[in-house]
There are 4 protein chains.
Amino acid sequence: MGRKEKKTTKINKERILFTAARLMKERGVSNISLSDIAKAVKISKGTLYYYYPSKHDLVFDIAEQSMNHMTQKIFQWVEKSKEDVSPEEILKIVFDTILRAKSRGQIHFYLMLEALSDDSLRERFCQEYAKWKELILDGLNRIIPQGKENSLLAQIILASIYGFLLQTLLGLEKPPLDQISKFLVMADLSPSLPE
Amino acid sequence: MGRKEKKTTKINKERILFTAARLMKERGVSNISLSDIAKAVKISKGTLYYYYPSKHDLVFDIAEQSMNHMTQKIFQWVEKSKEDVSPEEILKIVFDTILRAKSRGQIHFYLMLEALSDDSLRERFCQEYAKWKELILDGLNRIIPQGKENSLLAQIILASIYGFLLQTLLGLEKPPLDQISKFLVMADLSPSLPE
Amino acid sequence: MGRKEKKTTKINKERILFTAARLMKERGVSNISLSDIAKAVKISKGTLYYYYPSKHDLVFDIAEQSMNHMTQKIFQWVEKSKEDVSPEEILKIVFDTILRAKSRGQIHFYLMLEALSDDSLRERFCQEYAKWKELILDGLNRIIPQGKENSLLAQIILASIYGFLLQTLLGLEKPPLDQISKFLVMADLSPSLPE
Amino acid sequence: MGRKEKKTTKINKERILFTAARLMKERGVSNISLSDIAKAVKISKGTLYYYYPSKHDLVFDIAEQSMNHMTQKIFQWVEKSKEDVSPEEILKIVFDTILRAKSRGQIHFYLMLEALSDDSLRERFCQEYAKWKELILDGLNRIIPQGKENSLLAQIILASIYGFLLQTLLGLEKPPLDQISKFLVMADLSPSLPE
DNA sequence: GATGAATGAGTTTTCATTCAT
DNA sequence: AATGAATGAAAACTCATTCAT
């Protein structure tokens, strides 16, 4: 019984989350009102508040979900990276996967800005950001074990993802991800940096 | 007389722009109301409307200003890049200059998101983004004329600037810009990519 | 079985009443929601409604309880007033007892104001108020049988109780109840009022 | 010019204050919404907020006004108390004046309860309450200079005012203020209290 | 040029109450 | 007896914008 009720709750929370995320990604976090969300989910404002006692809570949960999603994507990549594919091919796939999730990306951005003026949210992003860096590093260590600067490379990859994401969202021409991947992999394999 | 008035107008517009930009960078574009701005500039709301017929216009002007500022920064770097300094040193300076302008960066981000749901703004950003890429490429061609993939490098630099900016704004540990610069320069100088 | 259920019902009603009274005294009748109460009693809102079909009913019951409590306190005093203690000493005890029940007093006040805009509640308060006056008069007739103006004194005592209660609740300095008691008793014993 | 504008503001604030006070006295502070007030004053909700940025501010101002009014009433009594009227007559007038202002009284009560859970308001009431005690004492010293316990009497008067006010508001029978006044004055004049 | 008063549509939030289970 | 999901009406509050002066 307890389980059943919780199930309903969970399903509803998910419906709300899903729809809210969609709306926010389409029009931006602060351009979406709770009325909009309630309307879209076809529940009353009261019900929305039954599940989320404040807009902030809702946004936080969406951010959670969005971050988990990205983490999972990167994790999957790391797992797959055992396979026998060329490193640059694999790297290209990371970029691709993340950028393809355009909608995810957009809300990701919105939420990050939200985080700039919200401490609890910011802390979560920091945690997760560090985790992503680690995951990417793990992946690199697997696909380019002989890479000399995998840690640097991981940082560059993660950082440039944001730039490429932004380019994509703005509708600029698609960055040549295959060449970029090749470039970065070669860099890592090239003779040591003279100190 | 016409000139005189225009002068006052310009000065006042600048005061408004300057203050509004500061507020928006501190708390985000959509968290700042026109009342807040009017109060901070110490003019009445009516006066604010005299200079800016809508909030959108004001934001657009701030975006212009912010973009020009960034363009100028990159341009200065390109100009300076003739001097006799090692390429990685110079590259580090670009990163540094841009990231140091933390406050500029923050509003830059806010505005970019604003642009995602505002066509006129988005178009301006696209134009400017392309210009930045060109400028950076120019610079690279000067400091690493023998670089084989300056175009790719320019894209990676510009893209990763956004990621590093975000890291900085979130208060994460400072990225090791000197190593990153070295890494990227070496990459560009390393033996050709086998096609 | 019917009895058993009634017992549970009574116990539950009392738990609700007790907790609700505490909350309302702490933050005021209209600042407490039924959710707050349900949460504090650790029952569901539905259950709360099972016992009290409306917030009004609940408040009414709390008022009943609160009034009964005060009545009882005064009654106890009247009963005790046979004992061989000086009248002013006894009078001081009344004041003291009532004022000491600070928490009771606070909710008493809140409820009285509630009564101002609720006819059924107001009527109950009026009834009870008259009863208190009578009870106090009874007590006075016992401890100061030679008092000439016991009825007036009763009214003054009851009225000033409210003022002193308010003082106490506001955190003002404690009124010198012993001197006040002495003063009032002496007044009652002093040579007749020339008409 | 500056004056003219402030004048309008003042007049409007007064209109709002006056109407809001009336509504609150009729139905209680927490039963009145800002919509109700706006409607009654025939301005928009926005305008109401232009003058009072929060409900709390409005209530605070009404409380201020209400307290000032009571202070003034007591002060006037003190001033008048030089005249050649019997002390009990004068005392009766105080009671009368205050109780007659039924509406003032009701809101006074509501506000006092509001003060119990609002520190800034409570502080103001405490200040004012002390002032009232002083004023009443001044008056007594004038009309009953030979009174032995004017300070005690002042406290009793102030305290019982609240009780009588409550009685009046609840619609109970009018307290016999003339007899009560006589009683209290005689008490004060009667032979000294044996310690 | 400049002001501040006024607005109304919108936002987030609260809450007593109902009801199927 | 008991629950918690759902509701809708109304609350407090925000804000870009208009306008008479």
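Computed from a predicted structure; not experimentally measured. Letters go in sequence order (proteins before strands), and every chain restarts at 1.
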> Which whole-number value in Å describes the distance from D:Leu48 CG to F:dC13 C1'?
11 Å
> For the side chain of C:Arg15 and the backbone of C:Val41, is there at least one donor-acceptor N/O pair under 3.5 Å apart?
yes
> Answer with yes or no whether the side chains of D:Ser33 and D:Asp36 bring together a donor and an acceptor at under 3.5 Å.
yes
> Rounded to the nearest angstrom, tell me the gap between atom CG in A:Asn31 and atom P in F:dC15.
14 Å
> Suppose we screen for side-chain hydrogen bond (donor to acceptor under 3.5 Å, both in side chains). Which residues come up paired with A:Lys55, at least two apart in sequence or across chains?
none
> Given 3.5 Å as the limit, does a donor-acceptor pair link the side chain of A:Asn31 with the main chain of A:Arg27, or not?
yes
> Any idea how A:Phe109 and B:Phe109 line up, ring-wise: parallel (<30°), tilted (30 to 60°), or perpendicular (>60°)?
tilted
> Can you tell me the distance, in whole Å, between the OH atom of D:Tyr49 and the P atom of E:dT11?
17 Å
> D:Ile16 has an atom CD1; how far is it from atom C1' of E:dT7, in whole Å?
14 Å
> Whole angstrom is fine here: how far is it from OH in C:Tyr52 over to P in F:dA1?
14 Å
> Is the shortest distance from a Lys or Arg side-chain nitrogen in C:Glu14 or C:Lys10 to a carboxylate oxygen in the other one below 4.0 Å?
no
> Under 4.0 Å, counting only non-hydrogen atoms across every strand here, what does B:Tyr51 touch: a base, just sugar-phosphate, or nothing?
sugar-phosphate
> Measure the distance from OH on B:Tyr50 to P on F:dT17 and round it to the nearest whole Å.
18 Å
> At less than 4.0 Å, is any side-chain N or O atom of B:Asn12 found next to OP1 or OP2 of E:dA2? Yes or no.
yes
> B:Ile11 CD1 to E:dG1 C1': how many Å, rounded?
14 Å
> So do B:Phe60 and B:Asp118 actually touch side chain to side chain, heavy atoms under 4.5 Å?
no
> Write down the distance between NZ (C:Lys55) and P (E:dT14), rounded to a whole number of angstrom.
14 Å
> Residues from residues 32-47 of chain A sitting under 4.0 Å of DNA chain F, heavy atoms only?
A:Ile43, A:Ser44, A:Lys45, A:Gly46, A:Thr47
> Quick check with a 6.0 Å cut-off and a 45 degree axis cone: is C:Lys13 positioned over the face of C:Tyr52's six-membered ring?
yes
> May I ask you to test the A:Val59-A:Met24 pair for a side-chain heavy-atom distance under 4.5 Å?
yes
> Can you list the stems that include DNA chain F, where a stem is three or more consecutive Watson-Crick or G-U pairs with distances under 3.5 Å?
E:2-21 with F:2-21
